[in-house]
Amino acid sequence: LFLLSFISYRLILKSKRLDDQEKVKQPILRVQADNPKNDLILEVDAFLLAKSVGNYVEISYLFQNEVHKKLVRSTLKRLVIQIDMHKNLMQCHQAFIVNMQKVSNLKGNAQSRHLEIQFLEDSVPVSRRFSAEIKNAFDQLSLNLAEYP
């Protein structure tokens, strides 16, 4: 009986370590605020949208399948530098950064494009400056999804 419980305990502990290792492998995004105590740390996959609001950036993200928003005292320009290594996070407008993995639809023409983001009701404008880059990224992601049903 003791041996059986010991083996069970070891298996549970080993599976927990594997779960912890998988969590560590997830890419992490650290949104640096003016005050380091207010930094926001989240998985890149949970990031939905960043919106410039004056001297703040409003971050929309998923937590336990619910959309949460956090206001961070920072600039969108600083956030653009921080997201540089995450290829799916792209600036689409002077005031917006989106996670292209969460884009459900691209509407409009080159003059006025809008992105529809999963879990969010409002669409996000795409400026002409970023229009071609966003369209290429959306087409590439759509093509990748079509290849792997």
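From a predicted model like this one, the values you see are computed outputs, not experimental measurements.
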Mind checking side-chain contact (heavy atoms from CB on, under 4.5 Å) for [X] and listing every partner two or more places apart, or none if nothing turns up?
{"X": "K87", "answer": "none"}
{"X": "N136", "answer": "none"}
{"X": "D139", "answer": "K135"}
{"X": "A95", "answer": "S52, H93"}

Locate the shortest heavy-atom distance separating [X] from [Y]; write the atom from each residue and the value.
{"X": "C92", "Y": "P125", "answer": "SG-O, 3.5 Å"}
{"X": "L29", "Y": "L89", "answer": "CD2-CD1, 4.0 Å"}
{"X": "K69", "Y": "E58", "answer": "CD-OE2, 3.7 Å"}
{"X": "Y61", "Y": "F47", "answer": "CB-CA, 4.3 Å"}
{"X": "Q101", "Y": "Q118", "answer": "O-NE2, 4.2 Å"}

Going by heavy atoms in the side chains, are [X] and [Y] under 4.5 Å from each other?
{"X": "L42", "Y": "F63", "value": "no"}
{"X": "I134", "Y": "M90", "value": "yes"}
{"X": "N88", "Y": "V44", "value": "no"}
{"X": "R78", "Y": "D34", "value": "yes"}
{"X": "I117", "Y": "V124", "value": "yes"}

Calculate, to the nearest 0.5 Å, the distance between atoms [atom1] and [atom2] belonging to [X] and [Y] respectively.
{"X": "F96", "Y": "L76", "atom1": "CZ", "atom2": "CG", "value": "9.5 Å"}
{"X": "D84", "Y": "L79", "atom1": "CG", "atom2": "CG", "value": "11.5 Å"}
{"X": "D39", "Y": "K37", "atom1": "CG", "atom2": "NZ", "value": "11.5 Å"}
{"X": "K70", "Y": "N38", "atom1": "NZ", "atom2": "CG", "value": "6.0 Å"}
{"X": "I59", "Y": "S74", "atom1": "CD1", "atom2": "OG", "value": "8.0 Å"}
{"X": "L48", "Y": "I97", "atom1": "CG", "atom2": "CD1", "value": "13.0 Å"}

_L49 reachable from F119 in the ILVMFWY side-chain graph, under 4.5 Å edges_ =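 F119 clusters together with L49.
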*Would you kindly confirm whether L120 and M100 end up in one hydrophobic cluster when ILVMFWY residues are joined by side chain heavy atoms under 4.5 Å apart?*
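Linked, L120 and M100 end up in one cluster.
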*Hydrophobic cluster mates of M85, side-chain heavy atoms under 4.5 angstrom, ILVMFWY only, any path?*
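When side chains under 4.5 Å apart are linked, M85 ends up in no cluster with other residues.
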Atom [atom1] of residue position [X] - does it have more than 12 heavy atoms of other residues, nucleotides or ligands inside 6.0 Å?
{"X": "Q94", "atom1": "CD", "value": "no"}
{"X": "Y56", "atom1": "OH", "value": "no"}
{"X": "K51", "atom1": "NZ", "value": "no"}

_Assess the residue pair V126 and H114 against the criterion (side-chain contact (heavy atoms from CB on, under 4.5 Å)); give the C-alpha distance rounded to whole Å, side-chain angles, the decisive distance to 0.1 Å, and a yes or no._
CA-CA 6 Å; V126 177; H114 285 34; 6.0 Å; no
_Evaluate V57 against V31 for side-chain contact (heavy atoms from CB on, under 4.5 Å), listing each step before the verdict._
CA-CA 10 Å; V57 176; V31 179; 5.7 Å; no
*Could you name each residue pair satisfying side-chain hydrogen bond (donor to acceptor under 3.5 Å, both in side chains) that touches residues 119-131, not counting sequence neighbours?*
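Listed once each, the pairs are R113-S131.
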*Go through the steps for Q91 and I83 under the test side-chain contact (heavy atoms from CB on, under 4.5 Å), then give the verdict.*
CA-CA 9 Å; Q91 186 172 7; I83 66 165; 5.7 Å; no
